[in-house]
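Read through the structure below, which is laid out as C-alpha cells, and then see the notes.
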Amino acid sequence: DVQLQASGGGLVQAGGSLRLSCAASGLNFDNYAIGWFRRAPGRGREGVSCISPGGTSTYYADSVTGRFTISSDNAKNTVYLQMNSLKPEDTAVYYCAAGIGGYYYFPRSHYGMDFWGKGTQVTVSS
C-alpha cells in the first residue's frame with residue numbers, strides 16, 4: 001500500500017528557511033513523480049514543485065522559483081522541499097503527492113497525482 005507523510009512545517013519569520021520532508025512507502029521513485037502542493041484559507045490547491053520519476057527533472061511554480069529546491073533521496077525513499085527566503089504569502093498547509101503521470105500534468109493539482117499524504121503547516125510571520 002502507498003503511504004505518504006509530509007513533515008517539517010513550523011513557524012518562521014520572513015526571510016527564514018524550512019525543509020519539508022515527504023516520506024514514501026509502497027512506491028518506486030523510478031516510476032512515480034512526487035509533487036508538493038499547498039492550500040491557504042480561501043484559495044485552491046496550488047502546485048509548488050515537482051520532481052520527475054527517477055529525479056531527472058524538476059519543476060517550480062513561478063512564485064517559488066529561486067527560493068525553493070526539491071530533491072530526492074532514493075535510499076531513504078524521501079523527497080525534500082528546501083524553502084529559503086520565506087515570505088508571509090508562503091503560509092499554507094503543504095502536502096506531498098505521488099503519481100505516475102504527475103510530472104506531465106503538474107502543476108494542475110487534479111490530474112496525474114493518485115496518492116496524497118497528510119499536510120504539514122507552514123506559517124511565515126511578517
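Proximity of S63 to R38: side-chain heavy atoms (C-beta onward) are separated by under 4.5 Å at one or more points. Within the 4.5 Å cutoff, side-chain heavy atoms of M83 are placed close to those of V122.
Atom CG of D30 has more than 12 neighbouring heavy atoms from other residues, nucleotides or ligands inside a 6.0 Å radius. Around atom CD of E89, more than 12 heavy atoms belonging to other residues, nucleotides or ligands sit under 6.0 Å away.
Not one N or O on the side chain of T56 forms a donor-acceptor pair closer than 3.5 Å with the backbone of G54. A distance-only check finds a donor-acceptor pair linking the side chain of N77 to the backbone of A24 [under 3.5 Å].
S125 approaches Q13 most closely through the heavy-atom pair OG-CA, 3.4 Å. The two residues T69 and Y60 come nearest to each other via the heavy atoms CA-OH, 3.4 Å. S17 approaches S85 most closely through the heavy-atom pair OG-N, 4.3 Å. Of all the heavy atoms in A61 and G47, the pair that sits closest is CB-O, 3.5 Å. Between A33 and C50, the shortest heavy-atom distance links the atoms CB-SG, 4.0 Å. The two atoms that bring Q82 and N84 nearest to each other are NE2-OD1, 3.0 Å, heavy atoms only.
S49 contributes atom OG, which lies 11.0 Å from atom OH of Y94 (distance to the nearest 0.5 angstrom). Between Q5 atom CD and C96 atom SG the span is 7.5 Å, to the nearest 0.5 Å. Taking CG from L27 and CG from D1, the interatomic distance works out to 11.5 Å, rounded to the nearest 0.5 Å. Note: L86 CG to T91 OG1 = 8.5 Å, rounded to the nearest 0.5 Å. Here the CD-NZ distance, from Q3 to K118, works out to 9.5 Å after rounding to the nearest 0.5 Å.
The hydrophobic clustering, which links ILVMFWY residues whose side-chain heavy atoms are closer than 4.5 Å, places L4 and Y32 together. Each of M113 and F29 belongs to its own hydrophobic cluster when Ile, Leu, Val, Met, Phe, Trp and Tyr are linked at side-chain heavy-atom distances under 4.5 angstrom. Connection of I100 to V2 is established within a shared hydrophobic cluster, with ILVMFWY side chains joined at heavy-atom distances below 4.5 Å, either directly or through further cluster members. Note: the hydrophobic cluster containing I51 also contains F115 (ILVMFWY, side chain heavy atoms under 4.5 Å, direct or indirect links). In the hydrophobic clustering of this structure, V64 groups with I34; members are Ile, Leu, Val, Met, Phe, Trp, Tyr whose side-chain heavy atoms approach within less than 4.5 Å, directly or through other members.
Residues Q121 and T123 bring a donor and an acceptor atom of their side chains to less than 3.5 Å of each other.
Each of V48, L81, I70, V79 was checked for a side-chain contact (heavy atoms from CB on, under 4.5 Å) with L20, and the lone residue meeting it is L81.
Aromatic ring centroids of F37 and W116 lie under 6.0 Å apart.
Ring geometry for Y103 versus Y59: interplanar angle over 60°, hence perpendicular rather than tilted (30 to 60°).
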task = Given side chain to side chain contact (heavy atoms under 4.5 Å, CB included), test F68 with W36 step by step and report yes or no.
result = CA-CA 11 Å; F68 291 10; W36 286 97; over 6 Å; no
